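Every value quoted in this text rests on a predicted model; they were computed, and no experiment measured them.
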Amino acid sequence: MKDPNKRQMMNKQPRRNRKYVGQFLFFLFIAVFILIVGRFSYISIGKKVQNVNLSASAQKLYTANETLKAKRGTIYDANGQAIAEDTSVYSLYVVLDKRQKSVDGQKLYATNKEKIATVLAKNLPISRDKALKILNPSSGHPFQVEFGTAGQNISLTTKQKIQKEHLSGVNFIQQESRLYPNGTFASHLVGLAQAKTNDKGQTTLTGSMGIEQAFNKQLTGTNGSQKIKKDMYGYQLPGTKQKSKKAKNGDNVYTTLDTRLQTLLETEMSSVQNQVKANSMNAVLMNAKTGAILAATQRPTFNASTKQGLGDIWRDTLVQDAYEPGSTMKVFTLASSIDSGNYNGNATYQSGKYAIGNQTVPDWNTAGWGTITYNKGFALSSNVAMAHLEQQMGAKTWKKYIDRFHFLKSTNSGLPGEMSGSIAFQRPIEQADTAFGQGIQVTAFQMLQGLTAVSNDGKMMKPYVISKVTDPNTNKTVKKYSPTVVGNPISAKTAKTVRKHMEDVVYKSYGIGSDYKMSGERVAVKTGTAQVSNGKGYLSGDDNYLYSVAAMVPASNPKYVMYITMKQPHLGSKTATQLLASIMKPVMARALQEDTEAKMTKVSKMPLVAGRTVTAATSALTKAGATITLLGNGNKVTKQSVSAGTTLYKNQRVFLNTGGTVALPSLKGWSKGDVVKLAQIEGLKLNTTGDGYVTKQSIKAGTTVASGATLTVTLKQNK
Amino acid sequence: MERVKHMRKLKYLDYWLFVPYLILSLFGIVMVYSASADIGSQNGGSPGSYLVKQLLYVILGLAIYTFMVLMNLNKLRDKKILKYASVIAIGSLLFLLIIGKTINGAAGWIRLGPISIQPAEFVKFYLIIWLAHVIDRRQDAIAIEGWWAVMLRPVLISAVMIGLIFIQPDLGGATINASIVFVMLLSSGFNWKRAITYFLGAILVVIGIIFPLAVKISEMGFAKNVYQLQRVVAFVNPFEHSQGVGQQLVNSYYALSNGGILGVGWGNSIQKTGYLPEPNTDFIMAILAEELGLITALGVITLLFLIITRTVLVGIRSNSAYHTLICYGAATYLTVQTLFNLGGVLGLLPITGVTFPFISYGGSSTWTLALVMGVVMNISARQKRYRATH
């Protein structure tokens with residue numbers, strides 16, 4: 001507007017000017033109208049802007065894809081007791097946002113904060129005042145509030161108690177966690193499942209060791225999904241349908257492990273490990289006829305429930321460690337010699353030292369025992385005797401037997417990272433060394449497999465720890481693992497003869513295994529002491545040995561084979577043999593005792609007792625051989641902890657809920673698993689110390705306990 | 001006597017102006033109810049809380065409208081009234097600037113008991129009647145003393161008001177007021193060719209220089225803390241920022257796409273459940289299009305443009321400079337407000353937080369529209385009567 005006044009002067013008709021401006025405005029506004037109508041139609045009809053498909057994007061925005069989590073399968077022991085199982089714990093939150101209403105207009109936010117605080121204070125470790133304070137935040141308008149540690153790890157029972165109050169706005173989130181009720185329990189063999197988040201952001205329990213890893217695929221179920229149309233806050237929109245696909249729970253894995261034997265073995269191993277702090281230890285109890293592993297553990301190990309010691313070693317040393325077995329190998333040298341017809345036990349040789357080429361095979365007692373028979377040489381664990389036996393049958397025959405016993409070959413246990421072993425077999429001295437377990441690397445599983453040939457009269461059985469895999473959705477067995485004969489390396493007669501020689505180790509006056517004598521049953525044993533190589537040469541010093549023992553009981557017709565190794569212990573007052581015997585003997589004894597008991601007890605099924613009177617239920621369950629624990633003071637059973645039709649193992653503890661107030665029972669003599677189960681049912685926080693059976697409980701029996709209370713129990717192994 | 005005069009005025013009622021106004025106002029109530037039902041339940045209110053308020057606003061608005069139609073327009077030209085009004089306008093804008101923000105939290109509102117007043121809305125009405133009065137009264141003075149000599153003072157006062165609105169910050173409100181002033185000044189009577197040249201020049205400057213410059217600056221990255229530039233970023237590339245600044249526009253698009261031609265049915269909008277913010281004010285047309293379809297949206301827009309073009313025509317036909325200027329100002333007000341609102345909804349312009357005339361929820365806008373439309377109706381009725389009697 002540079003000089004409008006001049007223009008104004010010249011133009012005497014402002015009204016006419018205004019009229020033209022008005023006409024211009026008229027058309028300009030129409031242009032604006034056309035522009036708007038055009039753009040509006042373009043978007044509403046074309047549904048595409050900047051190459052983005054609007055309807056597709058909007059649908060994506062509205063669709064919530066919720067995952068219905070599949071339960072990871074349970075790992076059971078041979079009697080159906082859970083070794084590893086999923087538990088559902090819950091965390092609680094309260095919605096405060098008043099917009100939250102369901103499709104049918106129901107209020108989904110906290111309407112009665114006073115009552116919520118009262119209920120929470122009653123069921124959770126939080127005071128009413130504190131809960132109220134959290135429910136009435138001083139600043140902002142949070143969508144929801146949480147209650148810190150008090151609102152987390154809530155048991156199913158507590159959750160149900162809170163839900164019974166029908167409080168609007170109170171919600172729970174399920175958290176998956178893996179429960180290992182027994183703590184230290186074949187930990188590396190059973191393995192570990194931990195929460196892992198995949199690239200889609202979903203968290204699932206994933207096996208990272210042992211059976212959990214090997215059977216991860218079967219144990220992991222298939223998650224279901226639920227698709228809903230939602231509003232901005234995740235609530236289903238009115239008038240929309242939800243599409244859902246059910247979750248398929250993971251398969252259950254049944255092992256051959258026996259909880260009682262395993263627990264005992266763990267205790268004994270810990271006791272020895274505490275004394276000698278060995279670099280590593282392995283111990284396995286196996287069914288001599290079938291190859292089923294009944295108990296197996298290693299040291300160092302970890303507590304699967306507390307994760308204590310988890311960082312120390314990740315390997316399952318039973319299959320993932322290859323080592324020079326030492327003198328226990330002599331069982332196979334002797335067996336090969338006998339089986340190939342080269343053995344003459346009464347022939348003699350000069351013990352002490354034996355030169356092969358420019359190298360010497362020494363006995364552990366380098367002075368030797370003079371000229372002795374081979375029979376005595378075996379019982380004395382003479383290396384020289386074995387070197388001679390190897391040379392008598394020839395390297396080729398010996399190697400043939402090594403192969404027939406399936407050394408240098410994976411046992412195909414299916415466990416992760418199984419090793420095959422190796423051998424140095426070029427020069428005569430190397431070949432002779434292998435006859436007494438040096439220069440050949442084996443795994444504990446290979447040794448066990450080989451030993452079955454001796455214990456099972458020539459039929460070599462594959463060691464196995466999984467008996468079956470079942471589908472919980474259909475209750476059908478998906479896969480059954482039966483005892484497998486993997487070879488016949490020696491004749492039954494040879495096997496029997498070898499066992500006789502192994503008895504000599506224990507019972508002959510000159511035998512070096514007298515520590516393994518057991519009352520009641522005769523024992524066949526071969527001990528071992530191997531020098532430990534660091535890869536370059538053998539280490540010297542008393543602590544640099546791998547001590548081992550292979551035992552079969554009863555010697556005449558073995559039921560159990562036990563194999564223990566102890567690498568580089570710091571020996572004190574007790575000899576290695578005494579220490580190994582202190583593990584072997586109680587476990588063997590318990591196994592034999594169970595065997596006798598099993599013959600006397602019949603397998604029974606859990607009856608349906610819910611709804612019956614306490615008296616009737618008690619008598620029915622006593623007949624079935626169960627141990628009964630009553631929870632509550634009512635006189636009718638409202639709930640049973642084991643569902644009807646389930647196979648009961650002997651003296652299995654069954655909880656019967658009778659309603660009313662629940663007083664804590666006396667836990668004396670309870671197994672850890674039972675206490676864990678009770679704590680879960682009652683919503684108690686459990687602290688345990690020790691292994692075995694309960695000797696002390698922090699809350700007196702007969703006390704009424706509130707959910708969320710902490711119970712501490714002390715356990716001890718009773719012998 | 002008075003009564004008879006009033007009755008006579010009703011005889012000359014301009015139905016082209018009145019019927020669309022009534023339909024839009026009533027339809028606005030219906031749409032506010034649907035669009036606000038979800039956010040109304042927020043914080044425990046009832047779904048109908050906005051409905052009740054809007055109903056009261058519209059009833060009061062109709063009363064204001066009737067009063068403005070029936071009043072003697074000369075009363076609006078009273079020097080004292082105009083002076084007081086300008087003092088109140090500038091005073092309340094200053095009040096907002098100094099104290100308003102800290103007291104109210106949100107800028108632009110003065111709380112008076114149960115209702116909130118938005119001074120920037122009423123300033124629109126004030127500027128229209130005041131500038132029309134000044135230009136008309138001093139038409140001769142302009143010719144004699146020169147345009148700038150006469151108009152400098154009103155231009156400066158307008159600029160102060162607009163500036164105060166701009167720094168609230170309310171870019172939308174400031175621009176609408178500035179457009180009204182600009183159009184009225186161009187219509188002050190000087191050569192029409194020059195006026196149109198200025199007009200087209202201004203449009204070209206905005207489209208060709210200011211706008212590309214804003215886009216460039218916003219793309220350079222230091223727009224992060226500048227609110228207005230963020231809006232430009234969101235406008236240029238909404239989908240890239242659909243979780244942030246682009247959220248409103250993207251969800252506005254979704255609403256239109258959901259609705260298509262016929263809509264998903266009244267009350268069935270998904271976008272209003274929380275996806276699209278301000279469903280009852282700035283984005284009510286997006287919700288309307290989602291629920292009742294393109295057809296209804298275009299119907300509403302057509303009714304609105306009927307009012308606008310009718311208003312311009314009344315202005316063109318009038319022999320009174322005062323009346324013509326009021327009509328031009330009113331038409332500009334409605335057009336720019338509509339363009340800014342729908343421009344934001346349709347991605348034609350950056351979002352400026354402007355309501356849609358007659359349909360959007362809000363007391364101040366409803367009443368300002370009633371004031372303006374009442375005056376325009378008054379002018380049209382006078383015109384009709386004049387024609388009938390001469």
Next on the checklist: Is it true that, when you exclude B/Leu152 itself, more than 12 heavy atoms of the residues, nucleotides or ligands shown sit nearer than 6.0 Å to its CG?
Outcome noted: yes
Item to check | A/Lys130 atom NZ, neighbour heavy-atom count above 12 within 6.0 Å | outcome: no
Item to check | Spacing of CG belonging to B/Asn319 relative to CZ belonging to A/Arg15, to within rounding of 0.5 Å | outcome: 4.0 Å
Next on the checklist: If we check side-chain contact (heavy atoms from CB on, under 4.5 Å) with A/Leu28, which of these qualifies: B/Val312, B/Thr335, B/Ile203?
Outcome noted: B/Ile203
Checklist entry - Atom CZ in A/Phe26, atom OG1 in B/Thr311: separation rounded to 0.5 Å? => result 11.0 Å
Checklist entry - Does the side chain of A/Asn17 reach to within under 4.5 Å of the side chain of B/Arg194, using non-hydrogen atoms? => result no
Checklist entry - Between A/Leu96, A/Ile30, A/Leu25, which has the largest tally of heavy atom pairs under 4.5 Å with chain B? => result A/Leu25
Next on the checklist: Which one wins on heavy-atom pair count under 4.5 Å against chain A: B/Ser257, B/Ala331, B/Gly315, B/Ala195?
Outcome noted: B/Ser257
Item to check | Side chain / backbone / both / neither for B/Thr197 at chain A, heavy atoms under 4.5 Å | outcome: neither
Checklist entry - Contact part of B/Thr324 toward chain A, heavy-atom cut-off under 4.5 Å: side chain, backbone, both or neither? => result side chain
Item to check | Between B/Val150, B/Thr309, B/Thr338, B/Leu334, the one whose heavy-atom pairs under 4.5 Å with chain A are most numerous | outcome: B/Thr309
Checklist outcome for this item: The reported gap from CG in B/Leu298 to CD1 in A/Ile36 (rounded to nearest 0.5 angstrom) is 10.5 Å
Next on the checklist: Quick check: closest heavy atoms across B/Phe305 and A/Val32, and the distance to 0.1 Å?
Outcome noted: CZ-CG1, 4.2 Å
Next on the checklist: Could you go through A/Tyr20 and B/Asn191, starting from their C-alpha distance and side-chain angles, then the distance that decides it, and tell me whether this counts as side chain to side chain contact (heavy atoms under 4.5 Å, CB included)?
Outcome noted: CA-CA 9 Å; A/Tyr20 288 133; B/Asn191 182 282; over 6 Å; no
Checklist entry - Non-hydrogen atoms of chain A under 4.5 Å away: do they reach the side chain of B/Leu342, the backbone, both or neither? => result side chain
Checklist entry - Where on B/Asn251 is there a heavy atom nearer than 4.5 Å to chain A: the side chain, the backbone, both, or neither? => result side chain
Item to check | Most contacts with chain B, counted as non-hydrogen pairs under 4.5 angstrom, among A/Ser55, A/Ser57, A/Ser44 | outcome: A/Ser44
Next on the checklist: Using 0.5 Å steps for rounding, measure from the SG atom of B/Cys327 to the CZ atom of A/Arg18.
Outcome noted: 11.5 Å
Checklist entry - Taking everything shown except A/Lys122 itself, do over 12 heavy atoms lie less than 6.0 Å from its NZ? => result no
Checklist entry - Would one find more than 12 heavy atoms of other residues, nucleotides or ligands at under 6.0 Å from atom NZ of A/Lys48? => result no
Checklist entry - Which heavy atom of B/Met285 sits nearest a heavy atom of A/Phe40, and at what distance? => result O-CZ, 4.2 Å
Item to check | Contact class of B/Thr332 relative to chain A, heavy atoms under 4.5 angstrom | outcome: both
Checklist entry - For B/Ile308, is it the side chain, the backbone, both or neither that has a heavy atom under 4.5 Å from a heavy atom of chain A? => result side chain
Checklist entry - Do the rings of A/Phe24 and B/Phe199 sit parallel, tilted or perpendicular, given the 30° and 60° boundaries? => result perpendicular
Checklist entry - So, A/Gln23 side chain and B/Ile316 main chain: donor-acceptor pair closer than 3.5 Å or not? => result no
Checklist outcome for this item: Separation between CG (B/Leu256) and NZ (A/Lys47), nearest 0.5 Å, reads 10.0 Å
Item to check | Per-residue contact mode, B/Val336 against chain A (heavy atom under 4.5 angstrom) | outcome: neither
Checklist outcome for this item: So CD1 of A/Ile43 and CG of B/Leu348: to nearest 0.5 Å the spacing works out to 7.0 Å
